[in-house]
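Comments concern the structure below.
Start at 1 with the first residue, then count along the sequence. Note that these values count all heavy atoms, side chains included, but never hydrogens, waters or copies made by symmetry.
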Amino acid sequence: MPSIPDRVLSLIEASGVSRHAFAQQVGLDDSKLSKSLNGTRRFSSLDLARIAELCKVSVDWLLTGVELPLAVAARTTTGDAGTALQAAKQYIVLRTDLDAFGYPQPWQQSAVGVGPGSYTDQGKRLADEALARVSHAGLSISDGDLTDLVETVFGVDVAIDHLGTGFDGLAASSDEAKLILLATTHVPARQRFTLAHELGHLLAGDDQDVHLDRDIFDKAQAKDPSEVRANAFASTLLMPEEMLREAVGTTGLTEETFAKLACELMVSPSTLAYRLLKLRLIDAGTCDRYKAITGMQAAKLAGRGEQLAQRTAKAATTRAPGILLRDSYAAYESGQATLRPYANLLGADVDDLRRTLESEHGTHDAL
């Protein structure tokens with residue numbers, strides 16, 4: 001069975017350069033490379049990181065010889081799906097490599113699981129547990145940035161990227177990595193619902209691989225059990241029943257208070273109207289009237305126009321996963337990895353970034 005030295009040797013042979021030239025390119029002297037290839041010296045984690053970087057393979061492949069299923073899917077899929085999978089692959093490969101370096105993802109699996117009952121009941125139960133975890137962390141689902149909250153409470157890597165047309169997002173899952181990838185958009189409420197929807201897929205254990213969601217509101221998906229469960233989860237998580245009942249109270253909602261509630265929960269008026277109808281807090285006629293309100297109209301009614309503009313700009317901006325950024329830099333700082341993965345996440349030139357970091361260090365010393 002091929003070993004790590006065998007795989008490195010195959011890369012040297014495929015590169016078309018001499019062992020001496022290869023050793024220089026990965027920062028090893030000839031003696032160390034020779035001993036590592038002969039099995040009398042182990043390749044260090046930094047050696048493997050440099051070889052992987054040079055040869056455009058993953059550290060995980062060097063260690064195991066197995067290519068990630070998502071990497072295969074990204075290589076063989078074309079069109080918009082290929083764009084989304086290629087973006088997801090980069091994050092999953094990096095997370096898997098960081099796990100090999102001793103930086104595992106702080107993923108927090110559901111303690112209750114899907115359990116019995118209908119798929120809608122399962123989604124609600126998962127959401128109730130998730131809300132309890134959010135509360136225990138001293139946070140609220142209606143405060144701040146949901147991407148930050150999901151990373152903090154659940155340990156999921158959350159990224160926002162340009163995925164082309166026809167994709168809301170995806171959830172990717174493996175033993176080492178849990179990723180939610182969202183599409184940039186000018187509809188922040190839709191992006192927020194997609195994030196909650198994908199979190200529902202991960203907590204339910206849907207798809208040990210990748211779950212693509214071209215359109216989370218597609219009626220054709222309404223019969224798919226995992227989609228029913230994920231939508232129930234997202235609705236319950238983003239619009240908690242207790243919070244809605246308190247808002248409605250004994251006097252009900254006016255158009256203005258409804259609009260204010262939609263803005264506070266950061267959901268679309270149509271999504272909120274359907275949720276209130278299902279909880280029997282409004283009737284069908286009121287639901288039809290409220291769901292016709294646009295997000296812009298709701299923001300105007302609630303005096304939240306500036307807030308909507310800020311949220312729209314943020315939803316249209318790419319975002320690298322915060323936990324992945326933290327761990328990539330920590331691996332570089334400890335000498336386990338090169339600086340390039342961190343620079344790539346930032347979208348920065350690695351040499352410029354290295355000079356900046358070294359300059360910052362010198363500035364602090366001079367103070």
Just verifying a value: how many Å separate [X] [atom1] and [Y] [atom2], rounded to the nearest 0.5 Å?
X	Y	atom1	atom2	result
C263	Q307	SG	CD	6.0 Å
R275	C287	CZ	SG	13.0 Å
I323	R326	CD1	CZ	6.0 Å
D29	H20	CG	NE2	10.5 Å
L325	L345	CG	CG	5.0 Å
T40	L37	OG1	CG	9.5 Å

Would you name the heavy atoms of [X] and [Y] that are closest together and state the gap between them?
X	Y	result
L170	A84	CD2-O, 3.8 Å
L244	M239	CD1-O, 3.7 Å
Y91	R319	OH-O, 4.3 Å
D349	D352	OD2-N, 2.9 Å
T184	I160	CG2-CG2, 3.7 Å
V59	A49	CG2-CA, 4.0 Å

Flag yes if [X] and [Y] sit in one hydrophobic cluster, no otherwise; membership is Ile, Leu, Val, Met, Phe, Trp, Tyr, and two members link when side-chain heavy atoms are under 4.5 Å apart.
X	Y	result
I51	Y332	yes
L308	F193	no
M266	L195	no
V267	M243	yes
L339	L28	yes

| request: Quick one: do S45 and Q336 satisfy side-chain hydrogen bond (donor to acceptor under 3.5 Å, both in side chains)? Show the steps, please. | output: CA-CA 5 Å; S45 58; Q336 298 291 305; 2.9 Å; yes

With a 4.5 Å cut-off on side-chain heavy atoms, are [Y] and [X] touching?
X	Y	result
P240	I141	yes
P116	R125	yes
H201	E227	yes
K300	Q297	no
V153	Q108	no
F22	L54	yes
W107	L202	yes
V8	D47	no

Q) Only one of I293, I282, L265 clears side-chain contact (heavy atoms from CB on, under 4.5 Å) with L272; which? A)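 With L272 as partner, I293, I282, L265 yield a single side-chain contact (heavy atoms from CB on, under 4.5 Å), made by L265.
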
Check your understanding: Pick one: which of Y342, F101, Y103 meets side-chain contact (heavy atoms from CB on, under 4.5 Å) with D327?
Key ->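 That would be Y103; it is the only one of Y342, F101, Y103 passing the side-chain contact (heavy atoms from CB on, under 4.5 Å) with D327.
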
Answer yes or no: is there a donor N or O on one side and an acceptor on the other, between the side chain of [X] and the main chain of [Y], under 3.5 Å?
X	Y	result
Q122	G115	yes
D60	D97	no
Q191	A183	yes
T236	F233	no
S334	A330	yes
E151	G322	yes
T152	D148	yes
D161	L163	no
R7	L63	yes
Q105	K178	yes

Begin with the C-alpha distance, continue with both residues' side-chain angles, and end with the deciding distance and a verdict on side chain to side chain contact (heavy atoms under 4.5 Å, CB included) for H197 and D168. CA-CA 10 Å; H197 177 99; D168 282 325; over 6 Å; no

Return yes if a side-chain donor-acceptor contact under 3.5 Å exists between [X] and [Y], otherwise no.
X	Y	result
S270	S268	yes
T147	D145	yes
T286	D283	yes

Counting heavy atoms not belonging to [X], are there more than 12 under 6.0 Å from its [atom1]?
X	atom1	answer
R19	CZ	no
R289	CZ	yes
K291	NZ	yes

Report task. Verify the ring-centre separation between F258 and Y290: is it less than 6.0 angstrom? Result -> yes

CA sep, side-chain torsions, deciding dist, call: S118, T120, side-chain hydrogen bond (donor to acceptor under 3.5 Å, both in side chains) | CA-CA 5 Å; S118 69; T120 297; 4.6 Å; no

Residues at least two apart in sequence or cross-chain that pass side-chain hydrogen bond (donor to acceptor under 3.5 Å, both in side chains) with S15, listed by chain then number, are none

Between L62 and F43, does a side chain to side chain contact (heavy atoms under 4.5 Å, CB included) hold up when you go through it step by step? CA-CA 10 Å; L62 286 171; F43 284 104; over 6 Å; no

| task | Under the side chain to side chain contact (heavy atoms under 4.5 Å, CB included) rule, what do L146 and L238 come out as? Steps first, then yes or no, please. | result | CA-CA 10 Å; L146 187 61; L238 299 180; 3.9 Å; yes

- Message: Quick one, T338 with V350, criterion side chain to side chain contact (heavy atoms under 4.5 Å, CB included). Give me CA distance, side-chain angles, the key distance, then yes/no.
- Response: CA-CA 10 Å; T338 70; V350 65; over 6 Å; no

Inset, instruction - Could you check S3 against D6 for side-chain hydrogen bond (donor to acceptor under 3.5 Å, both in side chains), going step by step and ending with a plain yes or no? - result: CA-CA 5 Å; S3 63; D6 292 332; 3.1 Å; yes

